[in-house]
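As structure tokens, the structure follows; a few thoughts come after it.
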Amino acid sequence: MKDRLKDIERARKEKVLSKKVYHLEKELVSVLEGMEKTGIKLNINFLKALSKKLNSRIQELEKKIYKLAEAQFNINSSQQLSEILFKKLKISAEGLKKTPGGVVSTAAPELQKLKGKHKIIDSVLEYRELMKLKTTYVDALPKLVDDRKRLHTTYHQLGTTTGRLSSSDPNLQNIPARGEWGQEIRKAFIAEKGYKLLSADYSQVELRIAACLAKDKKMIQAFKENQDIHKITAAEVNNIPLVKVTPEMRFQAKALNFGVLYGMSVNGFAEASGVSWKRAKEFIDEYINDFSGIAKYVEQTKKEVKKKGYVETILGRRRYLPQIKSPDFRVRQASERMAINMPIQGTSADIMKVAMIKLAKKLPREARLLLQVHDELVLEVKENKIKKAAEIVKDVMENVLNQPIFKEVKSILKIPLKVDIKVGNNWGKMDYV
DNA sequence: CGCATACGCGCC
DNA sequence: AAACGGCGCGTTTGCG
């Protein structure tokens with residue numbers, strides 16, 4: 001026993017869990033144990049080959065970087081890299097952040113700003129990317145499989161302040177997904193012979209929940225009509241018709257919507273969307289104008305956390321934020337952002353946890369839960385049961401708010417949940433069903 | 001030698 | 001001027 005029950009009891013005593021959430025968490029224990037024990041199969045040979053490909057490209061980049069720097073150094077050392085870029089090569093560090101240690105930062109977003117200033121930048125960025133993938137995933141994961149080549153994570157049920165699960169040893173919630181290399185790595189996660197992998201993910205859950213908690217009419221309407229929410233947002237903030245929205249506008253609108261979930265600040269949004277501080281301010285003001293419910297939710301949440309000292313999800317999972325009374329306004333602001341985010345992220349976690357419990361009860365034996373990645377579940381299903389499993393998974397996840405535990409709060413969550421189901425022989429290439 | 005920190009970065 | 005939320009892990013660096 002992994003002390004999960006003890007953690008749950010402790011959290012209940014500390015008034016983090018309402019009675020409902022307490023019972024929910026207790027039911028989840030055996031579900032997680034099953035998932036950990038089952039594990040997911042890894043294609044070791046595939047990763048070995050991938051490792052070689054990555055290695056040859058990394059070698060090339062290394063040579064190139066040494067040549068451009070006219071020096072050999074440890075590219076993996078941010079300190080040495082900073083020295084080379086800004087002292088030896090004299091690349092201007094103007095407008096770049098410094099690390100708390102006082103060195104010019106070489107983090108990816110900073111290096112992006114230097115693209116075009118020196119040929120070495122592109123090579124360093126690619127080197128970093130490939131090195132990360134190789135060491136953290138491609139080389140590390142094969143060492144951890146059991147005799148059936150299956151990988152077993154440990155889920156931490158109350159390891160986060162919002163109610164999300166976390167995963168460690170290994171963390172299977174941060175397996176690469178983007179880019180061509182990311183896709184390749186996911187192809188190494190495979191189904192047992194005679195089985196397929198089935199992935200089910202909630203579409204835009206957090207934004208749907210935010211719209212509901214904020215009772216924002218416009219946003220709720222958009223989701224009810226199954227519209228492209230970022231596109232709608234773009235049309236609203238630019239005061240133009242939908243058809244005139246450009247990809248650039250949509251990108252900025254997306255950053256605005258994410259900003260809501262994270263407790264938007266002008267700087268954060270400017271940074272994320274690449275617009276000036278002034279433009280960012282204008283965008284946010286317009287957004288607040290258009291989505292007045294969201295603005296009200298933000299203000300009300302700030303007021304509430306100041307008064308009560310905590311915020312909570314729709315099921316009564318709490319996060320205490322004593323720092324909200326800090327004399328340092330930056331610390332206070334940070335607490336405000338956490339307060340805004342927690343009920344949204346936490347409610348999403350509540351919903352997923354309930355769905356998992358229900359699924360564990362309802363699925364046939366030939367379908368087993370393997371992974372949870374916050375808004376996504378990955379299952380391994382016997383080929384002849386795919387259709388059946390897909391139906392059950394979609395039905396349970398989309399209709400989870402009809403479960404008795406949500407009875408008293410159902411009137412708040414008015415937006416239908418949408419789930420996309422995909423099936424494939426591996427996690428990297430899957431087809432919608 | 002092992003351990004803690006800083007830094008950077010993968011995911012949602 | 002300003003770190004928009006939540007995680008875990010590999011490498012480097014400094015320490016005992």
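Everything quoted here is computed from the prediction, not taken from an experiment. Chain naming here is simple, since letters A, B, ... match the order of the sequence lines and numbering starts at 1 in each.
- Within the 4.0 angstrom heavy-atom criterion, only backbone atoms of the sugar-phosphate kind lie near A:Met338; the bases stay farther away.
- As a whole-Å value, the separation of A:Leu96 CG from B:dG8 P is 11 Å.
- Atom name P, nucleotides C:dC4 and B:dC12: the rounded distance is 22 Å, in whole Å.
- Looking only at distances, no side-chain donor or acceptor of A:Lys418 sits under 3.5 Å from a matching main-chain atom of A:Glu398.
- Distance alone, capped at 3.5 Å, places no donor-acceptor pair between the A:Glu380 side chain and the A:Ile40 backbone.
- Taking atom CD of residue A:Glu83 and atom C1' of nucleotide B:dC7, one finds them 16 Å apart after rounding to whole Å.
- Using a distance-only test at 3.5 Å, with no hydrogens or angles considered, a donor-acceptor pair links the side chain of A:His118 to the main chain of A:Ile120.
- In this structure, A:Asn174 places its CG atom 10 Å from P of B:dG10, rounding to the nearest Å.
- Distance CD1/A:Ile229 to CD/A:Gln204: 7.5 Å, rounded to 0.5 Å.
- Ring-plane geometry between A:His230 and A:Phe258 is classed as parallel, the angle between the planes falling under 30 degrees on a 0 to 90 degree scale with a further cut at 60.
- A side-chain hydrogen bond (donor to acceptor under 3.5 Å, both in side chains) check over residues 86-97 of chain A, counting only residues at least two apart or in different chains, returns nothing.
- For the pair A:Arg178 and B:dC11, the criterion of a side-chain N or O lying under 4.0 Å from OP1 or OP2 is met.
- Looking at every heavy atom in both residues, A:Met352 comes nearest to A:Asp375 through CE-C, 3.3 Å.
- Here, C:dG10 and B:dG2 have their P atoms 16 Å apart, quoted to the whole Å.
- Separating the C1' atom of C:dA3 from that of C:dC7 is a span of 16 Å, rounded to the nearest Å.
- Atom C1' of nucleotide B:dC11 and atom OH of A:Tyr202 are separated by 19 Å, given to the nearest angstrom.
- For the C1' atom pair drawn from C:dC9 and B:dC3, the interatomic distance equals 16 Å after rounding to whole Å.
- Side-chain proximity of A:Pro109 to the nucleotides B:dG10, B:dC12, B:dC9 is greatest for B:dC9.
- As judged by a 4.0 angstrom heavy-atom cut-off over every strand, A:Ser348 is placed among residues making no nucleic acid contact.
- The OH atom of A:Tyr202 sits 11.0 Å away from the CZ atom of A:Arg208 when rounded to the nearest 0.5 Å.
- Mapping A:Met264 and A:Asn76 onto DNA chain C by nearest heavy atom places A:Met264 at the nucleotide closer to the 5' end.
- Looking at heavy-atom distances under 4.0 Å, A:Gln80 makes contact with sugar-phosphate atoms alone, never a base.
- When both pairing distances are held under 3.5 Å, B:dG8 makes a Watson-Crick or G-U pair with C:dC9.
- Between the A:Ser123 side chain and the A:Ile65 main chain, no donor and acceptor come within less than 3.5 Å of each other.
- Atom-to-atom, CG of A:Leu133 to C1' of B:dC11 comes out at 12 Å; the value is rounded to the nearest Å.
- Here the C1' atom of nucleotide B:dC12 and the CZ atom of A:Arg186 are 10 Å apart, to the nearest Å.
- Across every strand in view, C:dA1 sits unpaired, with no contact that passes the Watson-Crick or G-U test at under 3.5 angstrom.
- Note on A:Thr135: only backbone sugar-phosphate atoms sit closer than 4.0 angstrom, heavy atoms only; bases stay farther off.
- Between A:Thr106 and B:dG8 there is a side-chain polar atom (N or O) within less than 4.0 angstrom of OP1 or OP2.
- For A:Arg128 against B:dC9, a side-chain-to-base donor-acceptor contact under 3.5 Å is absent.
- When each of A:Lys63, A:Lys64, A:Arg57 is checked for a side chain to side chain donor-acceptor pair (under 3.5 Å) with A:Glu60, only A:Arg57 meets the rule.
- The stretch residues 267-279 of chain A touches DNA chain C through A:Asn267, A:Gly268, A:Phe269, A:Ala272, each having a heavy atom within less than 4.0 Å of the strand.
- Between A:Gln345 atom CD and B:dC12 atom C1' the separation is 8 Å, expressed in whole Å.
- The CD1-C1' distance, from A:Ile175 to B:dC9, rounds to 13 Å in whole Å.
- A 4.0 Å heavy-atom criterion places the boundary nucleotides of DNA chain C facing chain A at C:dA2 to C:dT13, written 5' to 3'.
- Within 4.0 Å of A:Arg164, counting heavy atoms only, lies at least one base atom of the nucleic acid.
- With no hydrogens or angles considered, a side-chain donor-acceptor pair links A:Asp350 and A:Thr313 at under 3.5 Å.
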